[in-house]
Amino acid sequence: MHGKRDDMAGSLEQQIDAWRAHLRRSQTIAASDAAELEDHLREQIASLNADGLSDDEAFLVAVKRMGAIDALTREFAREHSERLWKQLVLSGDGWDGGAEPAAAHGSRKMWVALALAVAAAVAIKVPALFGIGFEDSDVFYPLNIAFFTLPFIAAYFAWERPLPRSGWMGLAAVFAVAAAVVNAFPFTSTPTADTQTLTILHLPIALWLAVGVAYVGGRWRGSERRMDFVRFTGELFIYFVLIALGGGVLIGMTFALFQAIGIDAERLVGEWIVPCGFVGAALVASWLVEAKQSVIENMAPVLTRIFSPLFALLFLAFMVTMVATGRGIDPEREILIVFDLLLVVVFALLLYSFSARDPLARPGLNDWVQLTLVGTALVVDLLALWAVGSRISDFGFTPNRVAALGENVVLLGNLAGSAFLYARFLRGEVAFSRLLHWQTTYLYVLAGWAAVVAFVFPLLFGFR
(Lines give C-alpha, C1' and ligand atoms only; values in the text may rest on other atoms or scores of the structure.)
Protein backbone atom coordinates (compact mmCIF):
# COMPACT_ATOMS: atom_id res chain seq x y z
CA MET A 1 0.00 0.00 0.00
CA HIS A 2 2.80 2.39 0.90
CA GLY A 3 4.64 1.52 -2.32
CA LYS A 4 1.58 2.34 -4.39
CA ARG A 5 1.16 5.67 -2.60
CA ASP A 6 4.83 6.48 -3.21
CA ASP A 7 4.45 5.64 -6.92
CA MET A 8 1.44 7.96 -7.18
CA ALA A 9 3.35 10.75 -5.45
CA GLY A 10 6.29 10.20 -7.80
CA SER A 11 3.97 10.31 -10.82
CA LEU A 12 2.47 13.59 -9.60
CA GLU A 13 5.89 15.14 -9.12
CA GLN A 14 6.90 14.05 -12.62
CA GLN A 15 3.79 15.72 -14.07
CA ILE A 16 4.49 18.91 -12.12
CA ASP A 17 8.11 18.78 -13.32
CA ALA A 18 6.91 18.56 -16.93
CA TRP A 19 4.45 21.42 -16.42
CA ARG A 20 7.13 23.57 -14.74
CA ALA A 21 9.71 22.88 -17.45
CA HIS A 22 7.18 23.87 -20.12
CA LEU A 23 6.24 27.01 -18.22
CA ARG A 24 9.87 28.12 -17.86
CA ARG A 25 10.38 27.97 -21.62
CA SER A 26 7.90 30.80 -22.05
CA GLN A 27 9.42 34.28 -22.31
CA THR A 28 6.21 35.82 -20.98
CA ILE A 29 6.42 34.18 -17.57
CA ALA A 30 9.04 35.49 -15.14
CA ALA A 31 10.80 33.10 -12.75
CA SER A 32 9.08 34.65 -9.74
CA ASP A 33 5.67 34.36 -11.44
CA ALA A 34 6.36 30.72 -12.31
CA ALA A 35 7.14 29.95 -8.66
CA GLU A 36 3.94 31.69 -7.59
CA LEU A 37 1.92 29.74 -10.16
CA GLU A 38 3.42 26.47 -8.97
CA ASP A 39 2.40 27.26 -5.40
CA HIS A 40 -1.13 27.95 -6.62
CA LEU A 41 -1.14 24.71 -8.64
CA ARG A 42 -0.09 22.66 -5.61
CA GLU A 43 -2.76 24.31 -3.48
CA GLN A 44 -5.39 23.43 -6.09
CA ILE A 45 -4.17 19.82 -6.23
CA ALA A 46 -4.25 19.49 -2.44
CA SER A 47 -7.79 20.87 -2.35
CA LEU A 48 -8.95 18.48 -5.07
CA ASN A 49 -7.26 15.55 -3.30
CA ALA A 50 -9.24 16.45 -0.19
CA ASP A 51 -12.41 16.25 -2.31
CA GLY A 52 -11.58 12.67 -3.28
CA LEU A 53 -9.82 13.07 -6.64
CA SER A 54 -6.72 11.03 -7.41
CA ASP A 55 -3.38 12.74 -8.00
CA ASP A 56 -3.65 12.43 -11.79
CA GLU A 57 -7.22 13.72 -11.85
CA ALA A 58 -6.44 16.56 -9.45
CA PHE A 59 -3.42 17.61 -11.51
CA LEU A 60 -5.34 17.77 -14.78
CA VAL A 61 -8.28 19.66 -13.27
CA ALA A 62 -5.99 22.08 -11.41
CA VAL A 63 -4.09 23.01 -14.55
CA LYS A 64 -7.36 23.53 -16.45
CA ARG A 65 -8.51 25.92 -13.72
CA MET A 66 -5.40 28.12 -14.00
CA GLY A 67 -6.86 30.49 -16.55
CA ALA A 68 -4.05 33.04 -16.17
CA ILE A 69 -1.85 30.85 -18.38
CA ASP A 70 -4.48 29.21 -20.56
CA ALA A 71 -2.59 29.61 -23.84
CA LEU A 72 0.48 27.96 -22.39
CA THR A 73 -1.68 25.20 -20.97
CA ARG A 74 -3.24 24.55 -24.37
CA GLU A 75 0.22 24.27 -25.90
CA PHE A 76 1.29 21.95 -23.09
CA ALA A 77 -1.83 19.90 -23.70
CA ARG A 78 -0.92 19.35 -27.33
CA GLU A 79 2.57 18.15 -26.33
CA HIS A 80 1.17 15.70 -23.74
CA SER A 81 -2.00 14.47 -25.44
CA GLU A 82 -1.22 10.88 -24.45
CA ARG A 83 -2.20 11.82 -20.88
CA LEU A 84 -5.81 12.63 -21.76
CA TRP A 85 -5.05 16.33 -22.11
CA LYS A 86 -7.23 16.66 -25.20
CA GLN A 87 -10.17 15.33 -23.24
CA LEU A 88 -9.69 17.19 -19.97
CA VAL A 89 -8.00 20.41 -21.04
CA LEU A 90 -8.60 21.10 -24.73
CA SER A 91 -12.26 20.24 -24.57
CA GLY A 92 -14.94 22.58 -23.39
CA ASP A 93 -15.48 26.29 -23.54
CA GLY A 94 -13.96 29.08 -21.57
CA TRP A 95 -10.69 29.35 -23.49
CA ASP A 96 -10.15 32.81 -24.88
CA GLY A 97 -7.29 31.65 -27.13
CA GLY A 98 -4.68 33.95 -25.70
CA ALA A 99 -2.78 34.33 -22.49
CA GLU A 100 -2.35 37.59 -20.75
CA PRO A 101 1.40 38.25 -20.77
CA ALA A 102 3.17 38.72 -17.47
CA ALA A 103 3.47 42.40 -16.56
CA ALA A 104 6.71 43.86 -17.81
CA HIS A 105 8.56 45.74 -15.10
CA GLY A 106 11.98 45.61 -16.73
CA SER A 107 12.61 49.33 -16.57
CA ARG A 108 11.60 49.56 -12.92
CA LYS A 109 13.75 46.56 -11.99
CA MET A 110 16.70 48.13 -13.78
CA TRP A 111 16.42 51.38 -11.83
CA VAL A 112 16.03 49.52 -8.52
CA ALA A 113 19.13 47.43 -9.31
CA LEU A 114 21.10 50.54 -10.25
CA ALA A 115 19.95 52.34 -7.08
CA LEU A 116 21.11 49.39 -4.96
CA ALA A 117 24.40 49.31 -6.88
CA VAL A 118 24.94 52.97 -5.98
CA ALA A 119 23.96 52.24 -2.38
CA ALA A 120 26.52 49.42 -2.22
CA ALA A 121 29.18 51.71 -3.68
CA VAL A 122 28.36 54.36 -1.06
CA ALA A 123 28.38 51.76 1.72
CA ILE A 124 31.87 50.54 0.91
CA LYS A 125 33.14 54.13 1.20
CA VAL A 126 31.48 54.81 4.57
CA PRO A 127 34.33 53.22 6.63
CA ALA A 128 36.71 55.78 5.09
CA LEU A 129 34.79 58.49 6.99
CA PHE A 130 36.00 56.81 10.17
CA GLY A 131 39.60 56.58 9.05
CA ILE A 132 39.48 53.02 7.68
CA GLY A 133 41.04 53.37 4.23
CA PHE A 134 41.92 50.67 1.76
CA GLU A 135 45.60 51.31 2.21
CA ASP A 136 45.35 51.33 6.02
CA SER A 137 43.68 48.00 6.69
CA ASP A 138 44.79 44.50 5.68
CA VAL A 139 41.87 42.89 7.48
CA PHE A 140 38.72 44.99 7.46
CA TYR A 141 37.77 45.07 3.78
CA PRO A 142 38.61 41.45 2.87
CA LEU A 143 36.71 40.30 5.95
CA ASN A 144 33.66 42.50 5.26
CA ILE A 145 33.43 42.47 1.47
CA ALA A 146 30.49 40.04 1.71
CA PHE A 147 28.53 42.58 3.76
CA PHE A 148 29.04 45.28 1.12
CA THR A 149 27.56 43.09 -1.63
CA LEU A 150 25.36 40.17 -0.52
CA PRO A 151 22.80 42.14 1.57
CA PHE A 152 22.15 44.42 -1.41
CA ILE A 153 21.70 41.48 -3.79
CA ALA A 154 19.38 39.85 -1.27
CA ALA A 155 17.45 43.13 -0.94
CA TYR A 156 16.97 43.31 -4.72
CA PHE A 157 15.44 39.85 -4.90
CA ALA A 158 13.48 40.31 -1.68
CA TRP A 159 11.89 43.37 -3.36
CA GLU A 160 11.38 41.70 -6.74
CA ARG A 161 9.83 38.41 -5.55
CA PRO A 162 8.64 39.86 -3.00
CA LEU A 163 9.72 38.46 0.36
CA PRO A 164 7.36 38.54 3.39
CA ARG A 165 8.16 40.94 6.21
CA SER A 166 9.33 38.05 8.40
CA GLY A 167 11.72 37.05 5.63
CA TRP A 168 13.17 40.56 5.45
CA MET A 169 13.71 40.60 9.19
CA GLY A 170 15.24 37.13 9.19
CA LEU A 171 17.74 37.99 6.45
CA ALA A 172 18.65 41.27 8.14
CA ALA A 173 19.27 39.40 11.38
CA VAL A 174 21.49 36.81 9.66
CA PHE A 175 23.70 39.46 8.04
CA ALA A 176 23.80 41.62 11.18
CA VAL A 177 24.76 38.75 13.50
CA ALA A 178 27.37 37.43 11.07
CA ALA A 179 28.92 40.91 10.71
CA ALA A 180 29.00 41.41 14.47
CA VAL A 181 30.63 38.01 15.10
CA VAL A 182 33.40 38.17 12.50
CA ASN A 183 34.28 41.76 13.36
CA ALA A 184 34.51 40.82 17.03
CA PHE A 185 37.24 38.30 16.23
CA PRO A 186 40.70 39.72 17.12
CA PHE A 187 42.12 39.20 13.64
CA THR A 188 43.73 42.64 13.60
CA SER A 189 46.38 41.40 16.03
CA THR A 190 47.32 38.55 13.71
CA PRO A 191 46.90 39.83 10.14
CA THR A 192 48.41 36.73 8.57
CA ALA A 193 46.53 34.14 10.65
CA ASP A 194 45.33 31.03 8.82
CA THR A 195 41.91 31.23 10.46
CA GLN A 196 41.51 34.79 9.19
CA THR A 197 42.11 33.66 5.61
CA LEU A 198 39.75 30.72 6.05
CA THR A 199 37.01 32.99 7.39
CA ILE A 200 37.45 35.42 4.49
CA LEU A 201 37.14 32.57 1.98
CA HIS A 202 34.25 30.68 3.61
CA LEU A 203 32.07 33.51 4.94
CA PRO A 204 30.61 34.48 1.52
CA ILE A 205 29.82 30.81 0.83
CA ALA A 206 27.90 30.46 4.08
CA LEU A 207 25.99 33.73 3.56
CA TRP A 208 25.21 32.98 -0.09
CA LEU A 209 22.48 30.61 1.09
CA ALA A 210 20.71 33.63 2.62
CA VAL A 211 20.73 35.26 -0.80
CA GLY A 212 19.17 32.07 -2.12
CA VAL A 213 16.25 32.42 0.29
CA ALA A 214 15.62 35.92 -1.07
CA TYR A 215 16.02 34.69 -4.66
CA VAL A 216 13.20 32.15 -4.31
CA GLY A 217 11.02 34.62 -2.41
CA GLY A 218 11.23 32.58 0.79
CA ARG A 219 9.70 29.54 -0.94
CA TRP A 220 12.71 27.27 -0.43
CA ARG A 221 10.65 24.06 -0.56
CA GLY A 222 11.29 21.88 -3.59
CA SER A 223 14.45 20.92 -5.47
CA GLU A 224 13.52 22.90 -8.57
CA ARG A 225 13.64 26.26 -6.80
CA ARG A 226 16.99 25.50 -5.22
CA MET A 227 18.28 24.34 -8.60
CA ASP A 228 17.06 27.63 -10.09
CA PHE A 229 19.29 29.37 -7.57
CA VAL A 230 22.23 27.16 -8.56
CA ARG A 231 21.63 28.09 -12.19
CA PHE A 232 21.46 31.76 -11.25
CA THR A 233 24.75 31.46 -9.33
CA GLY A 234 26.57 30.09 -12.36
CA GLU A 235 25.13 32.69 -14.70
CA LEU A 236 25.93 35.47 -12.24
CA PHE A 237 29.55 34.35 -12.15
CA ILE A 238 29.72 34.43 -15.96
CA TYR A 239 28.25 37.92 -16.19
CA PHE A 240 30.41 39.22 -13.36
CA VAL A 241 33.57 37.96 -15.09
CA LEU A 242 32.50 39.64 -18.33
CA ILE A 243 31.85 42.91 -16.50
CA ALA A 244 35.20 42.58 -14.70
CA LEU A 245 36.99 42.17 -18.03
CA GLY A 246 35.34 45.33 -19.27
CA GLY A 247 36.28 47.03 -16.01
CA GLY A 248 39.91 46.05 -16.57
CA VAL A 249 39.84 47.80 -19.92
CA LEU A 250 38.25 50.85 -18.26
CA ILE A 251 41.00 50.96 -15.62
CA GLY A 252 43.70 50.70 -18.24
CA MET A 253 42.19 53.56 -20.21
CA THR A 254 41.88 55.63 -17.02
CA PHE A 255 45.60 55.29 -16.33
CA ALA A 256 46.45 56.11 -19.93
CA LEU A 257 44.19 59.17 -20.16
CA PHE A 258 45.35 60.76 -16.90
CA GLN A 259 48.97 59.93 -17.62
CA ALA A 260 48.64 61.89 -20.86
CA ILE A 261 48.14 65.05 -18.82
CA GLY A 262 50.76 64.20 -16.23
CA ILE A 263 48.44 62.98 -13.43
CA ASP A 264 48.87 59.71 -11.56
CA ALA A 265 45.43 58.05 -11.37
CA GLU A 266 46.51 55.30 -8.97
CA ARG A 267 44.64 56.77 -6.00
CA LEU A 268 41.48 57.37 -8.05
CA VAL A 269 41.53 53.79 -9.31
CA GLY A 270 42.54 52.13 -6.04
CA GLU A 271 40.21 54.03 -3.70
CA TRP A 272 37.18 54.67 -5.90
CA ILE A 273 36.89 52.83 -9.21
CA VAL A 274 37.96 49.34 -8.03
CA PRO A 275 35.98 49.05 -4.75
CA CYS A 276 32.88 50.89 -5.94
CA GLY A 277 32.98 49.14 -9.30
CA PHE A 278 33.33 45.73 -7.68
CA VAL A 279 30.25 45.95 -5.46
CA GLY A 280 28.25 47.78 -8.13
CA ALA A 281 29.09 45.15 -10.73
CA ALA A 282 27.71 42.41 -8.47
CA LEU A 283 24.32 44.15 -8.41
CA VAL A 284 24.32 44.91 -12.13
CA ALA A 285 25.26 41.32 -12.96
CA SER A 286 22.41 40.02 -10.76
CA TRP A 287 19.95 42.20 -12.65
CA LEU A 288 21.38 41.20 -16.04
CA VAL A 289 20.96 37.49 -15.30
CA GLU A 290 17.26 38.02 -14.67
CA ALA A 291 16.76 40.54 -17.48
CA LYS A 292 18.36 38.28 -20.08
CA GLN A 293 17.02 35.02 -18.70
CA SER A 294 15.51 33.82 -21.98
CA VAL A 295 18.89 34.17 -23.68
CA ILE A 296 21.20 33.02 -20.92
CA GLU A 297 19.23 29.84 -20.25
CA ASN A 298 20.79 28.43 -23.42
CA MET A 299 24.28 29.08 -22.06
CA ALA A 300 24.19 26.47 -19.30
CA PRO A 301 23.81 23.35 -21.48
CA VAL A 302 26.39 24.65 -23.96
CA LEU A 303 29.02 25.27 -21.28
CA THR A 304 28.47 21.94 -19.57
CA ARG A 305 28.60 19.99 -22.84
CA ILE A 306 31.93 21.64 -23.65
CA PHE A 307 33.72 21.44 -20.32
CA SER A 308 32.37 18.21 -18.79
CA PRO A 309 34.12 15.91 -21.31
CA LEU A 310 37.28 18.03 -21.15
CA PHE A 311 37.53 17.70 -17.37
CA ALA A 312 36.71 13.98 -17.58
CA LEU A 313 39.53 13.51 -20.11
CA LEU A 314 41.87 15.53 -17.89
CA PHE A 315 41.21 13.28 -14.88
CA LEU A 316 41.51 10.12 -16.96
CA ALA A 317 44.83 11.28 -18.41
CA PHE A 318 46.05 12.16 -14.91
CA MET A 319 45.20 8.74 -13.49
CA VAL A 320 46.70 6.89 -16.45
CA THR A 321 49.89 8.92 -16.05
CA MET A 322 50.04 8.12 -12.33
CA VAL A 323 49.71 4.40 -13.02
CA ALA A 324 52.21 4.45 -15.89
CA THR A 325 54.87 6.39 -14.00
CA GLY A 326 54.19 5.00 -10.54
CA ARG A 327 54.25 8.49 -9.06
CA GLY A 328 51.96 9.68 -6.28
CA ILE A 329 50.64 13.12 -5.45
CA ASP A 330 53.25 15.38 -3.92
CA PRO A 331 51.75 16.41 -0.56
CA GLU A 332 53.14 19.94 -0.78
CA ARG A 333 50.80 22.66 0.43
CA GLU A 334 50.56 24.52 -2.89
CA ILE A 335 49.84 21.33 -4.85
CA LEU A 336 47.08 20.27 -2.46
CA ILE A 337 45.49 23.72 -2.75
CA VAL A 338 45.44 23.34 -6.55
CA PHE A 339 43.79 19.93 -6.19
CA ASP A 340 41.14 21.32 -3.87
CA LEU A 341 40.40 24.20 -6.25
CA LEU A 342 40.15 21.79 -9.18
CA LEU A 343 37.71 19.55 -7.31
CA VAL A 344 35.59 22.55 -6.33
CA VAL A 345 35.46 23.65 -9.98
CA VAL A 346 34.40 20.15 -11.04
CA PHE A 347 31.74 20.04 -8.33
CA ALA A 348 30.40 23.41 -9.51
CA LEU A 349 30.41 22.20 -13.12
CA LEU A 350 28.54 19.05 -12.13
CA LEU A 351 25.96 21.03 -10.17
CA TYR A 352 25.55 23.48 -13.06
CA SER A 353 25.12 20.63 -15.55
CA PHE A 354 22.32 19.16 -13.41
CA SER A 355 20.58 22.53 -13.38
CA ALA A 356 20.73 22.69 -17.19
CA ARG A 357 19.33 19.21 -17.84
CA ASP A 358 15.69 18.48 -18.58
CA PRO A 359 14.73 16.17 -15.66
CA LEU A 360 12.27 14.24 -17.87
CA ALA A 361 14.67 13.60 -20.76
CA ARG A 362 15.82 10.03 -21.35
CA PRO A 363 19.44 9.08 -20.50
CA GLY A 364 21.85 9.92 -23.29
CA LEU A 365 25.52 10.15 -24.18
CA ASN A 366 25.99 13.32 -22.13
CA ASP A 367 24.78 11.47 -19.02
CA TRP A 368 27.48 8.83 -19.50
CA VAL A 369 30.02 11.64 -19.85
CA GLN A 370 28.76 13.16 -16.59
CA LEU A 371 29.00 9.80 -14.82
CA THR A 372 32.57 9.43 -16.10
CA LEU A 373 33.37 12.90 -14.76
CA VAL A 374 31.86 12.04 -11.37
CA GLY A 375 33.69 8.71 -11.18
CA THR A 376 37.09 10.12 -12.12
CA ALA A 377 36.65 13.10 -9.79
CA LEU A 378 35.76 10.66 -7.00
CA VAL A 379 39.04 8.78 -7.52
CA VAL A 380 41.04 12.02 -7.64
CA ASP A 381 39.33 13.18 -4.44
CA LEU A 382 40.35 9.94 -2.71
CA LEU A 383 43.94 10.47 -3.84
CA ALA A 384 43.85 14.04 -2.57
CA LEU A 385 42.46 12.84 0.76
CA TRP A 386 45.32 10.37 1.05
CA ALA A 387 47.83 13.16 0.38
CA VAL A 388 46.18 15.49 2.92
CA GLY A 389 46.18 12.70 5.50
CA SER A 390 49.88 12.08 4.84
CA ARG A 391 50.68 15.75 5.32
CA ILE A 392 48.75 15.85 8.61
CA SER A 393 50.53 12.68 9.76
CA ASP A 394 53.92 14.23 8.99
CA PHE A 395 53.39 17.79 10.20
CA GLY A 396 50.39 17.71 12.54
CA PHE A 397 47.09 19.56 12.57
CA THR A 398 46.77 23.18 11.43
CA PRO A 399 43.67 25.21 10.49
CA ASN A 400 44.47 24.96 6.76
CA ARG A 401 45.04 21.21 6.84
CA VAL A 402 41.89 20.50 8.83
CA ALA A 403 39.89 22.75 6.48
CA ALA A 404 41.34 20.98 3.44
CA LEU A 405 40.58 17.58 5.01
CA GLY A 406 37.00 18.57 5.77
CA GLU A 407 36.38 20.04 2.34
CA ASN A 408 37.67 16.90 0.65
CA VAL A 409 35.43 14.76 2.86
CA VAL A 410 32.43 16.96 2.03
CA LEU A 411 33.17 16.74 -1.70
CA LEU A 412 33.75 12.99 -1.39
CA GLY A 413 30.30 12.51 0.13
CA ASN A 414 28.67 14.50 -2.65
CA LEU A 415 30.55 12.76 -5.44
CA ALA A 416 29.90 9.29 -3.99
CA GLY A 417 26.18 9.97 -3.67
CA SER A 418 26.05 11.47 -7.16
CA ALA A 419 27.88 8.50 -8.70
CA PHE A 420 25.54 6.02 -6.98
CA LEU A 421 22.36 7.84 -8.02
CA TYR A 422 23.60 8.57 -11.55
CA ALA A 423 24.40 4.87 -12.10
CA ARG A 424 20.92 3.93 -10.88
CA PHE A 425 19.38 6.58 -13.14
CA LEU A 426 21.20 5.21 -16.19
CA ARG A 427 19.91 1.72 -15.31
CA GLY A 428 16.38 3.11 -15.12
CA GLU A 429 15.98 2.45 -11.40
CA VAL A 430 15.38 6.04 -10.24
CA ALA A 431 14.17 9.29 -11.79
CA PHE A 432 16.58 12.14 -12.46
CA SER A 433 14.66 14.17 -9.88
CA ARG A 434 16.37 12.04 -7.19
CA LEU A 435 19.72 13.42 -8.38
CA LEU A 436 18.39 16.96 -8.33
CA HIS A 437 17.05 16.46 -4.81
CA TRP A 438 20.40 15.04 -3.66
CA GLN A 439 22.36 17.97 -5.07
CA THR A 440 20.06 20.70 -3.79
CA THR A 441 19.81 19.10 -0.34
CA TYR A 442 23.61 18.92 -0.22
CA LEU A 443 23.70 22.72 -0.40
CA TYR A 444 22.95 22.64 3.33
CA VAL A 445 26.06 20.52 3.93
CA LEU A 446 28.25 22.91 1.93
CA ALA A 447 26.87 26.00 3.64
CA GLY A 448 27.09 24.31 7.03
CA TRP A 449 30.75 23.38 6.59
CA ALA A 450 31.55 26.88 5.31
CA ALA A 451 29.88 28.34 8.41
CA VAL A 452 31.89 26.03 10.67
CA VAL A 453 35.16 27.11 9.05
CA ALA A 454 34.22 30.80 9.09
CA PHE A 455 32.86 31.03 12.64
CA VAL A 456 34.15 28.02 14.62
CA PHE A 457 37.70 27.55 13.35
CA PRO A 458 38.95 30.92 14.67
CA LEU A 459 37.73 29.98 18.15
CA LEU A 460 38.92 26.39 17.87
CA PHE A 461 42.44 27.31 16.79
CA GLY A 462 42.85 30.43 18.90
CA PHE A 463 42.77 32.82 15.89
CA ARG A 464 46.05 31.36 14.62
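No experiment lies behind these values; they were computed from the predicted model shown.
- Aromatic ring centres of Phe232 and Phe237 lie farther apart than the 6.0 Å criterion allows.
- Listed by chain and residue number, Glu429 satisfy the side chain to side chain donor-acceptor pair (under 3.5 Å) test with Arg427 (two or more places apart in sequence, or in another chain).
- Side-chain atoms of Tyr215 never come within 3.5 Å of backbone atoms of Arg226 as a donor-acceptor pair (strictly under, hydrogens ignored).
- With hydrogens and angles disregarded, a donor-acceptor distance shorter than 3.5 Å links the side chain of Trp168 to the backbone of Leu163.
- Within the structure, the salt bridge (Lys or Arg N to Asp or Glu O under 4.0 Å) test picks out the following pairs touching residues 367-381 (sequence neighbours left out): Arg357-Asp367.
- Trp449 is linked by a ring pair (Phe, Tyr, Trp, His ring centres under 6.0 Å) to Phe457, counting only residues two or more places apart in sequence or in another chain.
- For Thr372, the side chain to side chain donor-acceptor pair (under 3.5 Å) criterion is met by no residue, not counting sequence neighbours.
- Looking at residues two or more places apart in sequence or on another chain, you find a ring pair (Phe, Tyr, Trp, His ring centres under 6.0 Å) between Phe354 and Tyr422, Phe432.
- Within 6.0 Å of atom CH2 in Trp272, 12 or fewer heavy atoms from other residues, nucleotides or ligands are found, so the atom counts as exposed in its surroundings.
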Please set out all donor-acceptor pairs under 3.5 angstrom arising from side-chain atoms of residues 148-156, sequence neighbours excluded.
| residue | atom | partner | partner atom | Å |
| --- | --- | --- | --- | --- |
| Thr149 | OG1 | Ile145 | O | 3.1 |
| Thr149 | OG1 | Ala146 | O | 3.3 |

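- In this structure, the side chain of Trp208 does not engage the main chain of Ala447 through any donor-acceptor pair within 3.5 Å.
- One distance of note links CG of Leu371 with CG of Leu421; it measures 11.0 Å at 0.5 Å rounding.
- His202 contributes a side-chain N or O that, together with a main-chain N or O of Leu198, makes up a donor-acceptor pair within less than 3.5 Å.
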